[in-house]
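The structure appears right after this line, and notes come after that.
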Protein chains: 2
Amino acid sequence: MGVTIYDIAREANVGIGTVSRALNNHPKIAAKTKNRILEISRRMSYQPHAYAQGLAKRKTNTIALIMPFFTNYFFVEVLQGIQDKITDLGYDIMLYGVNQTNQVEEYLKRAIQKGKVDGILFFSMKLPDGFDTRLKELQLPTILVDTFHPDFDSITVQNEEGAYVATRYLVKLGYKKIGMINASLDSEPARMRYNGYRRALEEAKLPFYERYFRISKHSKADGFNREAGYQAMSEVIDKNREDLPEAFFISSDIQAIGALNAMKDRKLTAPDDIAILGFDDIELAKHIGLTTMRQPMYQMGVLAVEKLFHRIQNNDFPPSHTTFSPTLIVRETCGTEKQQTKS
Amino acid sequence: MGVTIYDIAREANVGIGTVSRALNNHPKIAAKTKNRILEISRRMSYQPHAYAQGLAKRKTNTIALIMPFFTNYFFVEVLQGIQDKITDLGYDIMLYGVNQTNQVEEYLKRAIQKGKVDGILFFSMKLPDGFDTRLKELQLPTILVDTFHPDFDSITVQNEEGAYVATRYLVKLGYKKIGMINASLDSEPARMRYNGYRRALEEAKLPFYERYFRISKHSKADGFNREAGYQAMSEVIDKNREDLPEAFFISSDIQAIGALNAMKDRKLTAPDDIAILGFDDIELAKHIGLTTMRQPMYQMGVLAVEKLFHRIQNNDFPPSHTTFSPTLIVRETCGTEKQQTKS
DNA sequence: AACTGCTATGGAAAGGCTTCCACAATATTG
DNA sequence: CAATATTGTGGAAGCCTTTCCATAGCAGTT
């Protein structure tokens with residue numbers, strides 16, 4: 001069926017070694033032979049067999065991507081960065097989208113299966129127990145993105161600082177009663193964002209109101225979801241009818257959307273009644289004018305690929321950890337001087 | 001480094017053939033030998049080498065997914081359907097996300113590269129010239145989703161009918177001056193949606209107003225983007241200040257978002273000033289209460305995988321074409337009796 | 001005891017490539 | 001012009017499986 005180097009070798013009256021050298025532009029080959037072989041292989045529309053090549057070279061030119069689907073927007077943007085960069089490098093992506101947490105181990109095992117991929121990009125989830133040592137034993141290059149482990153290269157976002165900057169911004173706008181809607185504290189980013197929020201309040205000598213703080217109940221995706229935001233905001237409003245907070249820092253945009261819906265259902269608007277500040281800058285945020293903290297997702301994707309490549313080429317250096325600072329994106333929900341950000 | 005069947009054979013004092021038979025539970029092997037070998041291979045934590053296996057079996061257990069990133073939301077949901085189904089079947093996904101149209105050929109070539117994948121799922125784009133015959137020559141099973149070619153299995157959505165149902169709904173609500181904002185007519189779905197819209201108008205004996213019809217200019221993604229919607233709506237409003245249309249059918253949700261932004265900037269709201277009906281039901285739609293036509297994306301993903309599997313198992317039957325009908329999702333932008341769809 | 005018919009097993013071959021080693025052909029040097 | 005260095009080439013070995021063929025071992029027949 002397929003054309004092999006043997007067919008080409010016969011056609012060109014050379015040995016298979018020579019064909020291989022011609023195709024891989026090896027230095028030790030005469031220019032004319034090489035050209036003749038290339039011409040013939042083109043004519044016969046030769047395609048190297050990826051698996052045979054991989055087997056011989058002990059290299060797959062493929063990397064595994066293990067990431068949760070439930071991060072949705074984040075996911076797509078990071079993916080673009082990864083895809084663009086990786087295509088340049090001639091690699092392919094094996095995608096493992098995680099829907100339920102129990103799939104993580106399954107996918108990791110698959111990706112680890114000998115010879116399947118040259119490296120792993122692992123996203124936004126805790127590396128399951130045992131896999132840290134296993135990955136190191138296997139010497140399989142692995143980069144963590146949006147999650148951390150001291151023994152692996154990682155790329156994360158300064159959650160604490162981001163939350164701090166966000167809250168300070170609300171302070172600067174003159175709000176005094178600043179609440180927070182957070183996701184489950186099981187989540188490391190959620191804890192960090194809480195810390196940053198508290199730090200900003202303390203620094204401004206503003207009180208922390210227990211009644212304006214709420215952790216999303218809906219546990220899907222650790223509480224980083226719309227329903228959770230809706231419910232949390234509903235409760236806060238309904239229990240504090242007479243004394244509403246002036247502003248909210250919310251631990252993710254998607255929760256902020258839910259919170260805004262809850263406000264809308266109660267005829268409250270942002271920023272007139274309550275100012276809202278989110279986190280993530282998902283694509284949706286610009287559509288609805290949500291002021292938020294932006295994570296440089298595309299760049300994180302690109303950097304992740306770069307780090308992985310260093311490791312694939314040479315795995316012999318200590319882990320490096322990069323953190324990005326989120327940046328404040330001012331839109332409308334915090335009531336600045338009507339800065340129409342149209343982008 | 002890695003443990004091979006030779007290591008196991010030595011350890012168990014058997015031949016490699018026996019080891020292979022034990023691992024693949026071949027019938028002709030004594031139960032005790034098999035158990036002993038399995039035990040040993042577990043102890044040595046043997047992992048079969050995926051590429052060697054693929055080479056020997058002429059089977060990769062991998063499929064390629066070629067899809068445009070710019071469909072964003074659509075993309076993620078279809079992907080979930082695919083992933084869930086494919087994981088059950090023990091296959092892996094090679095992802096090729098297309099950002100610019102010129103990447104399509106590049107990715108197709110890569111996917112075609114001999115032995116890399118057992119089949120291809122091709123999405124939402126026209127199959128580039130020449131690849132139809134090439135894919136058939138290679139006998140590489142290929143399924144088209146959201147696009148069509150007579151020679152390949154396909155899964156599409158009834159765009160004409162969807163647009164017809166959408167427009168008829170607007171008619172039923174009592175609107176007379178019904179405009180449409182469409183994407184580029186280069187796009188087959190855009191043409192079909194236009195036809196459905198016209199058919200519904202004719203059937204209701206309502207006039208087609210040239211001045212309320214507009215094709216999005218911004219060419220990115222064939223005009224299926226937010227900026228295009230924004231601009232088209234801006235023009236229609238600004239040129240018809242004195243005599244605004246009552247309702248719009250818009251060829252995609254993302255354009256509808258842009259259109260709503262344009263209205264908001266002019267202090268117009270939906271449905272009070274102009275009713276808006278979209279197409280796609282991207283996740284975003286429910287957040288903003290957009291009435292729209294839903295495509296069963298998850299199911300399309302699942303079905304695509306199923307079709308591909310039939311072909312991988314037996315490629316010897318004529319192409320089948322499946323179409324799904326979109327369903328009307330009533331939310332708020334068309335002014336029904338305030339049906340709070342909270343989901 | 002000799003034969004037949006099974007079943008379980010060993011190991012070569014095949015899958016398609018890269019790479020290494022040996023050697024032939026050519027070029028360089030004194 | 002012989003001796004040496006250089007370059008290019010053929011093809012075996014190796015990567016790790018699966019699969020096929022031949023055979024050993026054994027139970028059952030006559």
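- One axis for each end of the helix from C/dA1-D/dT30 to C/dG30-D/dC1, each built from five base pairs, and the angle between them comes to 50° at 10° resolution.
- Extent of DNA chain D lying under 4.0 Å from chain B heavy atoms, first and last nucleotide in 5' to 3' order, is D/dC16 to D/dC20.
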Could you pull out all donor-acceptor pairs under 3.5 Å where a side-chain atom in residues 127-134 of chain A meets a protein atom, sequence neighbours excluded?
residue	atom	partner	partner atom	Å
A/D132	OD2	A/H149	NE2	3.1
A/T133	OG1	A/G130	O	3.0

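- Taking B/R58 as the reference, nothing meets the salt bridge (charged side-chain N to carboxylate O under 4.0 Å, His left out) condition, with sequence neighbours excluded.
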Please output the side-chain donor-acceptor pairs of residues 19-34 of chain B that fall under 3.5 Å, not counting sequence neighbours, one pair per line with the distance.
residue	atom	partner	partner atom	Å
B/S20	OG	B/N24	ND2	3.3
B/N24	ND2	B/S20	O	2.7

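- C/dG10 atom C1' lies 12 Å from atom CD1 of B/I5, rounded to whole Å.
- Each of B/I29 and A/R21 lies near DNA chain C, and the nucleotide nearest B/I29 is the one positioned closer to the 5' end.
- Contacts of residues 10-19 of chain B with DNA chain C (heavy atom under 4.0 Å): B/N13, B/V14, B/G15, B/I16, B/G17, B/T18.
- Each of B/H26 and B/A52 was matched to the nucleotide of DNA chain D holding its nearest heavy atom; the match closer to the 5' end belongs to B/A52.
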Please assess B/K85 against B/D88 for the test salt bridge (Lys or Arg N to Asp or Glu O under 4.0 Å), listing each intermediate value before the final yes or no. CA-CA 5 Å; B/K85 186 74 196 175; B/D88 291 348; 5.2 Å; no
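- Within residues 30-50 of chain B, the residues approaching DNA chain D are B/Y46, B/Q47, B/P48, B/H49, by heavy-atom distance under 4.0 Å.
- In this structure, A/K57 reaches the sugar-phosphate backbone alone: every heavy-atom distance under 4.0 Å involves primed, P, OP1 or OP2 atoms, never a base.
- Contacts of A/S20 with the nucleic acid, taken as non-hydrogen atoms under 4.0 Å apart, include base atoms.
- Between the CG atom of A/N24 and the P atom of C/dC17 there is a distance of 10 Å, rounded to whole Å.
- When side chains are defined from C-beta on, B/L79 counts as touching A/L95, because their heavy atoms get closer than 4.5 Å.
- Taking the charged nitrogens against the carboxylate oxygens, B/R42 and B/E39 do have a contact shorter than 4.0 Å, which makes a salt bridge.
- Scanning for side-chain hydrogen bond (donor to acceptor under 3.5 Å, both in side chains) contacts around A/Q299 gives an empty result, with sequence neighbours left out.
- By the neighbour-count criterion of 12 heavy atoms within 6.0 Å, atom NE2 of B/H310 is sparsely surrounded, having that number or fewer from other residues, nucleotides or ligands.
- The distance from atom CG of B/L55 to atom P of C/dA14 is 14 Å, rounded to the nearest whole Å.
- Here ring pair (Phe, Tyr, Trp, His ring centres under 6.0 Å) pairs that include residues 77-113 of chain B, with residues two or more places apart or in two chains, are B/Y91-B/F309, B/Y96-B/Y107.
- B/Y51 comes within contact range of no nucleotide atom at all, as no heavy-atom separation falls under 4.0 Å.
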Name each donor-acceptor pair under 3.5 Å that joins a side chain in residues 43-56 of chain B to protein atoms two or more places apart or in another chain, with its distance.
residue	atom	partner	partner atom	Å
B/R43	NH2	B/E11	OE2	3.0
B/H49	ND1	B/Y51	N	3.1
B/H49	ND1	B/A52	N	3.2

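- Residues that satisfy the salt bridge (charged side-chain N to carboxylate O under 4.0 Å, His left out) test with A/K307, not counting sequence neighbours, are absent from this structure.
- Residue pairs meeting the salt bridge (charged side-chain N to carboxylate O under 4.0 Å, His left out) criterion with at least one member in residues 94-104 of chain B, sequence neighbours excluded, do not occur.
- Using modelled atom types, one finds no donor on one side chain facing an acceptor on the other under 3.5 Å when comparing A/D92 with A/T62.
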